[in-house]
Amino acid sequence: VTARSGAFVRATVAVLGVGLGLVWWTSAFGDDATLGLVELALFVLAAAITELLPMRQPGGRVVPTSIAVIGAAAVLGLTPSVVAGVAALGWLIAWLVSRPETLDVREVAMRAIGGWALAGVAAVGAELLPYRWVGDAPFGLVAAELQVGAAMAVSLAIVIGLPTLDALTRQEGRWRFVLRRIVESISVTWLVGVAVASTTVLGALVHPVLGEWTLPTMLIPLFAARVGLDRFASASKAYEQTIRAMSRLPEQLGTVAADHGVRVGEMARDVGLELGLDAATLADLERAAYLHELGRIKLEPDAPVTRREFATAGAAVIHETASLDRVARIVEAHGVPELQADDDVGLPARIVAACCEVDRYAPDLAVEGQRHEVTVRLVREIGDLEVVGALTRVLGWADES
Amino acid sequence: VPTGRGRVIAYVAAVTMSAVGLLAWAIPRVDPVLAAIACGAVLVSEAFASRFRDDVDVSLTNVVMLVAIMVGGPEVAIVAAVGSLPMFLVRVHHMRAIRVPFNVSQFAIAAAITGFVFVGLTNVLGAEFVGWTYLVAVGAASVVYSLANHALVAAAVSLSTSERFLAAFRSVGTSIALQAPYVGIAVLAVVIIETASPWALLFMAVPTLVARYGLLAFQKLDEAYDRLVRSFVKAIEIKDLYTRGHSERVAQLSVLVAEELGVPYEERRLTRYAALLHDVGKIGVPGCILNKPGPLTDDEFEEIKKHPTIGADILYDIDFLTPAIDIVRYHHERLDGRGYPYGISEEHLSEIVRIVTAVDAFDAMTSTRSYRRALPVEDAIAELRRCAGRQFDPRMVEALAAVVERVGWEPTIEFASEERLHGHTIPVGTFQERVASEARTDTAEVPR
């Protein structure tokens with residue numbers, strides 16, 4: 001079902017892209033906006049270079065900066081087939097440079113279709129809003145002519161259309177919370193989207209004056225944005241990986257099974273997704289699940305320890321980071337049921353406790369009877385049917401029940 | 001002959017008077033509206049300056065100055081420098097008052113020099129907007145602005161401190177490397193202003209603001225990361241009563257030694273985190289061994305030997321630490337190959353590993369441990385020198401000696417309170433006495 005829905009969305013986009021391209025093919029827009037061969041080659045080169053330098057907002061998906069080049073080509077009025085060709089050729093050159101092991105034909109096709117679609121979107125925008133913005137040229141320079149409708153349509157497609165499409169293709173069958181995921185997808189890519197869309201318009205704006213110099217100059221602010229976001233993303237990645245690494249500390253004491261923290265973290269995230277938790281809560285839930293046993297490092301390893309004790313000790317360690325307050329409260333609440341009345345941390349805490357219980361019994365779960373027994377135990381100990389139900393669905397036990 | 005302080009005041013007075021003279025020349029020649037816009041742009045760019053890394057700030061003032069020169073000539077750029085005054089006044093509580101007139105004046109002087117160079121070059125080259133000769137002129141002007149700015153500041157630094165002028169001038173290299181994007185942004189801005197409208201600058205401002213957002217978010221997260229690692233290290237050190245604060249001190253001292261040796265910034269940053277986490281593997285060593293008073297048995301020492309490998313395994317998945325993971329893995333190895341746990345020799349030990357190895361041993365010797373009291377700094381350095389060439393890299397030992405002397409490093413004695421020792425007493429005895437009492441000569445030099 002998952003693969004089918006993803007393929008369906010992609011096919012829809014492909015058809016839509018081709019359709020929009022055909023609309024432009026028959027329209028008058030773009031007839032007088034063709035570029036010379038040298039400039040066209042520069043567009044291909046710029047598409048290739050930008051393919052190698054994608055951008056990512058932490059928590060968001062990688063966005064190819066080549067969209068700025070392809071978008072500028074679309075706003076400048078290149079025909080859909082030319083834009084599609086620029087996008088595909090740019091990708092192929094980038095592939096030759098980076099030399100991955102296999103050539104992903106779908107990626108080339110997606111770039112070509114994406115280029116075709118952007119050119120189509122620009123054409124539709126120009127048809128709907130047929131205005132040209134002509135600036136003053138006080139020093140005898142060529143006035144900038146900008147197709148307002150085309151620029152607006154391409155910008156909207158980049159900022160809203162792409163993340164929406166991304167969210168739709170990544171639903172993996174969970175259609176209940178589709179609107180929330182679309183909003184979240186936009187919220188974690190809009191910064192990159194706005195930077196890319198602005199660069200697209202900027203390129204079209206300065207092209208009448210800068211000509212062949214357009215691409216190298218228009219991309220500089222975008223690359224500056226990439227440097228800034230790249231530093232942010234690398235720090236964010238290091239932060240999350242360190243939390244994950246620290247989940248292994250209690251394992252060294254011999255009281256916790258290897259990779260228990262990582263497994264509980266991944267399981268908790270899936271349950272959170274199943275229950276439609278928002279992105280911020282999902283992130284804190286995953287961190288809390290990784291670190292839920294951390295308190296054991298403060299306690300004597302040989303002495304018997306209750307969940308309440310190591311949860312409280314773990315929360316004390318996490319509190320000291322001063323930036324994971326909610327994570328600390330979830331960790332504490334997962335072992336202290338009285339604290340689960342707090343709406344902010346109650347549900348995530350129950351998810352962590354349930355996932356931890358299931359992972360503890362992992363060796364027995366291959367037997368169906370054991371799975372029923374664990375489910376009953378979860379219902380009795382966690383006391384939250386919604387969480388237990390979501391967990392059994394994530395584990396694929398729901399059908400058996 | 002004026003004193004150091006007198007020389008600084010005389011220099012600042014000269015710079016300020018020069019700037020006042022330039023302003024007196026420029027103000028009657030500028031369009032008031034254009035000058036006000038340029039002042040506003042400088043104010044905004046200074047207010048939005050952000051930190052690229054600990055030692056490099058980035059602002060768009062260079063770009064504003066270049067645009068002002070291209071659009072209105074040197075006189076507009078000179079007047080635009082006044083726009084920075086409010087920001088320096090706001091920050092006056094963070095700096096000495098004398099810096100306010102100096103900073104504003106050096107902007108004006110650098111703008112004047114840059115402007116005259118640009119005008120001269122465009123005349124000589126017959127440059128037209130936007131041909132390649134014009135771009136050459138803008139590029140040269142940008143480099144001149146950076147050089148002038150750094151020269152004025154470096155002169156002030158060398159007059160007020162013992163640092164030589166060229167040493168104070170060294171960061172100019174990084175700054176010149178940043179000029180290429182500034183030139184591109186400036187040309188783009190001029191094209192937009194001339195052909196479209198100043199409002200269209202917003203299209204250019206958006207990616208720039210995103211860059212700033214990224215840098216600010218990075219800075220904030222970097223601080224959070226620092227707290228995260230330190231709190232975990234603190235939690236791990238709870239187990240070992242005697243080494244509390246050891247990792248923090250090793251990290252601090254390692255970075256200072258790396259600076260002393262001219263290790264690049266990114267490597268220093270990695271060294272700091274890897275040094276902070278170098279003993280993370282001790283979590284896998286029983287507390288009774290770590291806190292044992294007196295010598296260890298062979299079996300107990302075998303347990304201790306595991307901690308570098310355990311630490312490296314724990315940190316294996318942290319990508320950004322990968323280049324420095326050897327610090328954790330090899331911080332008990334020796335140049336002669338007689339260290340533990342792998343017994344590898346010097347060709348496998350990188351510069352940063354050698355730094356941390358020496359610093360780790362130094363801090364272990366100058367801290368109270370379960371088996372002895374802390375050594376004085378001089379004795380610890382003497383011990384490191386004795387082992388240099390076999391156990392430690394002599395270059396790192398000398399750099400460490402220079403650093404501890406410069407910062408006045410003190411031995412760490414009172415870090416584990418007596419009541420937390422659970423009735424144990426710290427045995428009397430020095431490191432040398434322990435070395436002499438142990439037959440294990442191969443490993444005796446390695447503080448655990």
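Residue numbers begin at 1 in each chain, while the letters A, B, ... track the order of the sequences.
- Residue contact with chain A, scored on non-hydrogen atoms closer than 4.5 Å, is absent for B/L209.
- Interface remark: B/Y213 contributes side-chain atoms only to the contact with chain A (heavy atom separation under 4.5 Å).
- In this structure, chain B has no heavy atom under 4.5 Å from any part of A/I318.
- Rounding to the nearest 0.5 Å places CG of B/L228 at 5.0 Å from OH of A/Y239.
- No other option in B/I310, B/I318, B/V187 has as many heavy-atom pairs under 4.5 Å with chain A as B/I318.
- For B/I283 against A/L253, the heavy-atom pair with the smallest separation is O-CD2, 3.5 Å.
- Note that CZ of A/F232 is 8.5 Å distant from NZ of B/K220, once rounded to the nearest 0.5 Å.
- Taking both residues in full, the closest heavy atoms of B/P207 and A/A225 are given as O-CB, 3.2 Å, listed atom of the first, atom of the second, then distance.
- No other option in B/A205, B/S231, B/G281 has as many heavy-atom pairs under 4.5 Å with chain A as B/S231.
- If you tally non-hydrogen atom pairs under 4.5 Å between each of B/I192, B/L315, B/D317 and chain A, the highest count goes to B/D317.
- The candidate with the highest count of non-hydrogen atom pairs below 4.5 Å against chain B, out of A/V201, A/T200, A/V196, A/L146, is A/V201.
- Looking at B/L216, neither its backbone nor its side chain comes within 4.5 Å of chain A, counting heavy atoms on both sides.
- The line from CD of A/E320 to CZ of B/R230 is 11.0 Å long, rounded to the nearest 0.5 Å.
- A/S198 has its side chain out of reach of B/M204: every pair of non-hydrogen atoms, C-beta onward, lies at least 4.5 Å apart.
- Summarising the geometry, atom CD1 belonging to B/I314 is positioned 15.0 Å from atom CZ belonging to A/R244; distances are rounded to the nearest 0.5 Å.
- Interface summary for chain B: among A/A195, A/P221, A/P216, the most heavy-atom pairs under 4.5 angstrom belong to A/P221.
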inquiry  = Using the rule given for side chain to side chain contact (heavy atoms under 4.5 Å, CB included), can you reason through B/F232 versus A/L294, listing the C-alpha separation, both sets of side-chain angles and the distance that settles it, and then say yes or no?
reply    = CA-CA 10 Å; B/F232 283 144; A/L294 188 70; 3.3 Å; yes
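- For the pair A/W213 and B/L135, the minimum side-chain heavy-atom distance is below 4.5 Å.
- Salt bridge annotation for B/D313-A/R248: absent, with no cationic side-chain nitrogen under 4.0 angstrom from a carboxylate oxygen.
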ask   = Where do A/K237 and B/D319 land on the salt bridge (charged side-chain N to carboxylate O under 4.0 Å, His left out) test, with the steps shown first?
value = CA-CA 8 Å; A/K237 187 176 167 191; B/D319 292 343; 3.0 Å; yes
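- Taking A/V317, A/L249, A/L191, A/T242 one by one and counting their heavy-atom pairs under 4.5 Å with chain B, the maximum is reached by A/T242.
- Counting heavy-atom pairs closer than 4.5 Å to chain A, the top residue among B/Y316, B/Y273, B/F320, B/Y225 is B/Y225.
- With rounding to the nearest 0.5 angstrom, the CG atom of B/L202 is 11.0 Å from the CG atom of A/L202.
- Listed options A/L324, A/V192, A/T199, A/V206 were ranked by heavy-atom pairs under 4.5 angstrom with chain B; first place goes to A/V206.
- In this structure, NZ on A/K298 lies 9.5 Å from NZ on B/K234, to the nearest 0.5 angstrom.
- Contact of A/L210 with chain B is made through the side chain alone, with heavy-atom distances under 4.5 Å.
- Nearest approach of A/M246 to B/L277, heavy atoms of both residues: CE-CD2, 3.8 Å.
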